[in-house]
Structure formats: C-alpha cells, structure tokens
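Comments concern the structure below.
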Number of protein chains: 2
Amino acid sequence: MKLETDLSTLSLAILGLISQRPLTGYDLRKVFLTTPMGHFSSSPGAIYPALRRIEEAGWIRSVAAQGQTRRQRVVYEITACGLETLQQHLSRPVTSEDVVWHMDDLMMRFAFMDGIVGRERTVRFLEDFASQIDAHVADLRRYFEGAKSILPACGKLAMENGIQSYEMNAQWARRAIKELQ
Amino acid sequence: MKLETDLSTLSLAILGLISQRPLTGYDLRKVFLTTPMGHFSSSPGAIYPALRRIEEAGWIRSVAAQGQTRRQRVVYEITACGLETLQQHLSRPVTSEDVVWHMDDLMMRFAFMDGIVGRERTVRFLEDFASQIDAHVADLRRYFEGAKSILPACGKLAMENGIQSYEMNAQWARRAIKELQ
DNA sequence: GTCCGCATGTAAGGCGTTACATGATTAA
DNA sequence: TTAATCATGTAACGCCTTACATGCGGAC
C-alpha cells in the first residue's frame with residue numbers, strides 16, 4: 001500500500017487514456033485488445049490493480065455510473081492532480097537513459113501530448129529526442145567500429161539493425177517537427 | 001525453486017554469451033555495462049539469481065577457476081543440455097505474438113545464431129520474421145486507416161512511427177538474408 | 001595502510017503474467 | 001434456459017530493480 005510516485009508504462013497508458021475521456025476498466029481492456037496500444041500491455045490482472053494504485057495516488061476518481069441499467073460499472077475520470085501529474089510527466093526532459101532503455105515509454109509520452117502539453121513543449125520534446133538519439137547513435141557507431149572485426153555475422157547484423165532503428169526514429173522526429181509547425 | 005522452462009530475455013542473453021565462451025557473473029556484468037547488450041538488461045541483483053536458475057536447470061555448470069591467484073571466481077560454461085536448449089529456443093518459429101510483443105527477444109535470438117543453428121535455419125528465421133512483420137504492418141495500416149480521422153496529431157504521428165519501425169525491420173531482414181547468402 | 005576495483009551475493013519491493021473466480025445481463 | 005458477453009476482480013508466481021553487504025587483492 002505504497003503510493004505510486006512514478007508512472008509505469010501501463011499506468012501512463014491508463015492515465016493518458018482516461019485524460020482523454022472517462023473510462024471503465026473494461027473500456028481500457030477493450031482499447032488494449034483492439035488497438036495497437038495493446039503493444040504496451042495486456043490485461044485484467046494488470047489493469048485493475050493499476051487503476052486501484054492510480055486512484056489511491058489521487059490521480060483518478062471513480063464517478064457514479066449512470067448507464068441505462070444498474071449494472072456494476074466503475075467509471076474513472078482524471079482529477080486536477082492527475083492532470084497536473086500527467087503534464088509534469090510528459091514535460092520531463094528526454095534523457096540518454098530514456099533513449100537507451102525506455103523508447104517505448106518515450107513514444108507513449110509523445111502519443112498523449114495533444115491537448116495536455118502545448119505544441120511548443122511537444123516540439124521541444126521531439127528536438128531533444130532527436131538529439132539524444134544522435135548522441136546514442138554516435139556511441140553505437142563508435143562501439144561498432146571497434147567490435148565489428150570480432151563480432152559474428154549475426155551479431156553484426158543485429159547491431160546494424162539497432163543503429164538503423166535509432167536513425168529512423170531521429171528522422172521521424174525531425175519530420176514530425178515540421179509537420180507540427 | 002521452480003525449474004526455469006522458458007528463457008527470459010536476460011536468461012537468453014546469459015546463455016547465449018556463455019555459449020560463446022565460459023564467463024563469470026562479473027564478466028557478464030561487464031558485457032552488459034560496456035556493450036549495447038546492456039539494452040536488454042542490467043545488473044547484479046538480476047544476473048546472479050539468473051545464473052543460479054540456469055545452473056539449476058542444468059544448462060550451465062560452474063568449473064574450477066584456475067586464475068593466477070586463488071581469488072574467488074566462479075566460471076560458468078554451457079552444458080550439452082544447455083546447448084540443446086539454446087538450439088531449440090533459437091529454432092522456434094517466429095509467431096505473430098513474438099512480433100507484436102517481443103521484438104527485442106527476436107533480435108536477441110537472431111544475434112546468437114552464429115555457430116548455434118545453421119545458416120539455413122538463420123535464413124528461414126529472417127524470412128519468417130519478415131513475413132510476420134508484413135502481416136502485422138497490414139493490420140496496423142488497416143487500423144490506422146479507420147482511426148486516423150479521429151486520432152489526435154501526436155497519436156497519429158506515433159502510429160506512423162510504429163508502422164515505419166516495423167517496415168524498416170522487414171527491409172533489414174531481407175537485406176540480411178541476401179548478405180548471409 | 002588505506003582506498004579503489006574485483007567479485008559475489010542478499011533483501012525488500014514492485015509490477016506484470018497467467019489462470020482462475022464471480023456474478024449480472026442480453027440474445028438465441 | 002443456456003450460452004455468450006459484460007464487468008470486475010483475486011491469488012500465485014516470476015523476475016527485475018534498487019539498495020545494501022561483504023571480503024579479497026593490488027596500487028600508491
């Protein structure tokens with residue numbers, strides 16, 4: 001019964017979705033099952049405990065469910081505090097650690113920025129994202145130059161894949177900046 | 001004290017590295033700290049328990065450490081059973097679930113194929129990989145066509161990033177096939 | 001003789017996975 | 001009335017994370 005202080009990828013997904021409109025746990029499940037957001041997570045044994053934790057943190061609250069029947073439904077909406085938390089989370093600078101270990105998280109942060117943080121911050125995020133990737137790609141290339149003579153064929157190809165993936169992400173970010181302006 | 005039956009990403013990394021040459025836990029740590037393999041994992045609280053589990057499964061065994069001093073060192077080498085397990089794991093077909101949820105794992109499987117599974121199987125892996133990605137990209141595009149009118153700008157851009165990432169991976173796989181032949 | 005790096009671990013906690021449980025409502 | 005779907009959960013388990021603990025050996 002510890003309060004959640006940071007946002008796991010799943011919690012971010014949940015809070016982001018609820019920030020767009022009030023949802024029940026079942027609604028969230030459906031989103032995860034039927035959209036590419038399901039990438040990031042899966043199902044009931046994770047979602048309901050996460051909802052509980054987020055509610056205990058004060059970021060969402062359950063509201064009376066006035067559907068047409070008195071069927072058991074718990075609808076959650078975001079609180080002012082939750083919105084602020086989300087804004088702060090999405091405004092965090094992009095660190096090199098993020099780029100190395102949490103690319104999924106970064107992409108999710110970006111996906112929820114509409115209407116939560118201004119266009120200016122969104123663009124700044126993409127700029128930071130691109131330049132952190134550039135730095136990381138430079139590291140990877142440095143390592144690769146030294147190691148490619150001893151790497152086996154598949155290892156080498158796997159590394160090339162990694163480098164290309166990062167480069168593609170940087171290119172995407174720069175295109176996205178232009179598109180947002 | 002359950003026996004490990006499947007390979008977590010970390011366990012696969014460890015078993016794959018030890019299959020290349022005998023290593024200590026500390027050696028593994030250094031690899032994770034100093035090479036891009038560190039992407040997939042991190043450190044001592046994960047590595048040592050994982051080594052223990054893999055040893056209990058019978059896939060590696062500790063051998064006498066005959067360094068120049070009698071310093072405490074535990075060197076692990078792969079067993080025949082471990083090699084077989086690794087071969088089977090790397091030979092598993094690429095499923096659509098793998099592509100949706102475990103791309104990291106797939107890339108790691110590929111990176112360790114040299115000398116473990118034949119070139120033929122390696123190429124087959126890449127072919128399956130590419131065609132599973134094609135199928136998944138088709139799904140994503142289908143969803144995207146239906147949703148892009150209601151997706152917010154950042155959501156749309158994030159989806160485009162996802163699709164492009166997958167497409168890049170399929171292209172990479174097809175280039176890799178040519179290079180391996 | 002003290003400090004840093006080598007080398008191996010343990011303990012607590014968090015969170016996701018799988019599988020199961022429960023009951024209410026609607027359509028056949 | 002039976003089955004499928006809606007809707008919400010719990011329990012056990014596994015594994016990773018962070019932080020801490022411990023002791024040897026070499027360099028200065």
Side-chain angles (χ1 to χ4, degrees), chain A residues 1-15 22-34 37-57 60 62 64-76 97 100-102 104-105 108, chain B residues 1-15 22-34 38-57 60 62 64-76 97 100-102 104-105:
Chain A
M1 126 108 214
K2 211 323 210 61
L3 284 193
E4 186 146 3
T5 57
D6 198 14
L7 281 169
S8 71
T9 305
L10 176 59
S11 296
L12 172 57
I14 291 175
L15 193 56
L23 292 170
T24 69
Y26 195 72
D27 293 334
L28 288 165
R29 276 193 73 189
K30 277 187 296 189
V31 172
F32 291 135
L33 288 172
T34 61
M37 291 228 41
H39 262 334
F40 296 105
S41 157
S42 66
S43 289
I47 292 172
Y48 291 102
L51 277 170
R52 181 74 49 91
R53 287 196 303 274
I54 299 170
E55 188 181 23
E56 272 166 13
I60 58 176
S62 52
Q66 51 221 27
Q68 52 274 55
T69 67
R70 76 214 115 73
R71 170 84 136 289
Q72 184 190 21
R73 290 183 91 230
V74 186
V75 181
Y76 292 96
E97 286 77 33
V100 176
W101 281 302
H102 309 299
D104 286 3
D105 247 89
M108 189 121 96
Chain B
M1 128 99 222
K2 210 324 208 63
L3 286 192
E4 187 147 359
T5 57
D6 199 12
L7 283 169
S8 71
T9 306
L10 177 59
S11 297
L12 172 57
I14 291 175
L15 193 56
L23 292 170
T24 69
Y26 195 72
D27 293 334
L28 288 165
R29 277 192 73 188
K30 276 187 297 189
V31 171
F32 290 135
L33 287 172
T34 61
H39 261 335
F40 297 106
S41 157
S42 66
S43 289
I47 291 173
Y48 290 102
L51 277 170
R52 179 77 47 93
R53 287 195 304 274
I54 299 170
E55 188 181 20
E56 272 166 12
I60 57 176
S62 52
Q66 51 220 28
Q68 51 274 55
T69 67
R70 74 213 118 68
R71 171 80 138 291
Q72 184 190 19
R73 290 184 90 232
V74 187
V75 181
Y76 291 96
E97 286 78 33
V100 176
W101 281 301
H102 308 300
D104 286 3
D105 246 90

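Only heavy atoms go into these numbers, but all of them, side chains included; no hydrogens, no water, no symmetry mates. Just so we're on the same page: letters track the sequence lines, and every chain starts at 1.
Residue B:Leu28 contributes atom CG, which lies 14 Å from atom C1' of C:dG9 at whole-angstrom precision. Computed from coordinates, the B:Arg52 CZ to C:dT8 C1' distance equals 10 Å when rounded to whole Å. Atom NE2 in A:His102 sits roughly 11 Å away from atom C1' in D:dT17 (whole-Å rounding). We find that CG of A:Asp27 is positioned 17 Å from P of D:dT5, with the value rounded to whole Å. Rounded to whole Å, the distance from CG on B:Asp105 to P on C:dT17 is 14 Å. In this structure, CD of A:Glu97 is placed 15 Å from C1' of D:dT17, rounded to the nearest angstrom. The distance between atom CG of A:Leu51 and atom C1' of C:dC15, rounded to the nearest whole Å, is 14 Å. The distance between atom CZ of A:Arg29 and atom P of D:dA7, rounded to the nearest whole Å, is 11 Å.
Residue B:Thr34 holds its OG1 atom at 11.5 Å from CZ of B:Arg29, rounded to the nearest 0.5 Å.
The B:Ser8 side chain lies nearest to D:dC16 when the options are D:dA7, D:dT10, D:dC16. Out of D:dC16, D:dC6, C:dG9, the shortest distance to the side chain of B:Tyr76 is found at C:dG9. Here the side chain of A:Tyr26 is nearest to one of D:dG9, C:dG9, D:dA7, namely D:dA7. Side chain of B:Ala46, nearest nucleotide from D:dT17, C:dG9, C:dG16: D:dT17. In the set D:dA7, C:dT8, C:dG9, the nucleotide with an atom closest to the side chain of A:Arg73 is D:dA7. Side chain of B:Tyr48, nearest nucleotide from D:dT8, D:dG9, C:dT8: C:dT8.
Nearest heavy-atom pair across A:Pro22 and A:Val75 is CB-CG1, 3.7 Å. Taking each heavy atom of B:Gly25 and B:Ile47 in turn, the nearest pair found is O-CG2, 4.2 Å. Closest heavy-atom contact between B:Pro49 and B:Pro44: CD-O, 3.6 Å.
Contact between the side-chain N/O atoms of A:Arg53 and the OP1/OP2 oxygens of C:dG16 is found at a separation under 4.0 Å. Checking the phosphate oxygens (OP1, OP2) of D:dT8, a side-chain nitrogen or oxygen of A:Thr24 falls inside 4.0 Å.
In this structure, B:Gly25 reaches the sugar-phosphate backbone alone: every heavy-atom distance under 4.0 Å involves primed, P, OP1 or OP2 atoms, never a base.
A side chain to side chain contact (heavy atoms under 4.5 Å, CB included) with B:Tyr76 is found for exactly one of B:Ile54, B:Asp27, B:Ile14, B:Leu51, namely B:Leu51.
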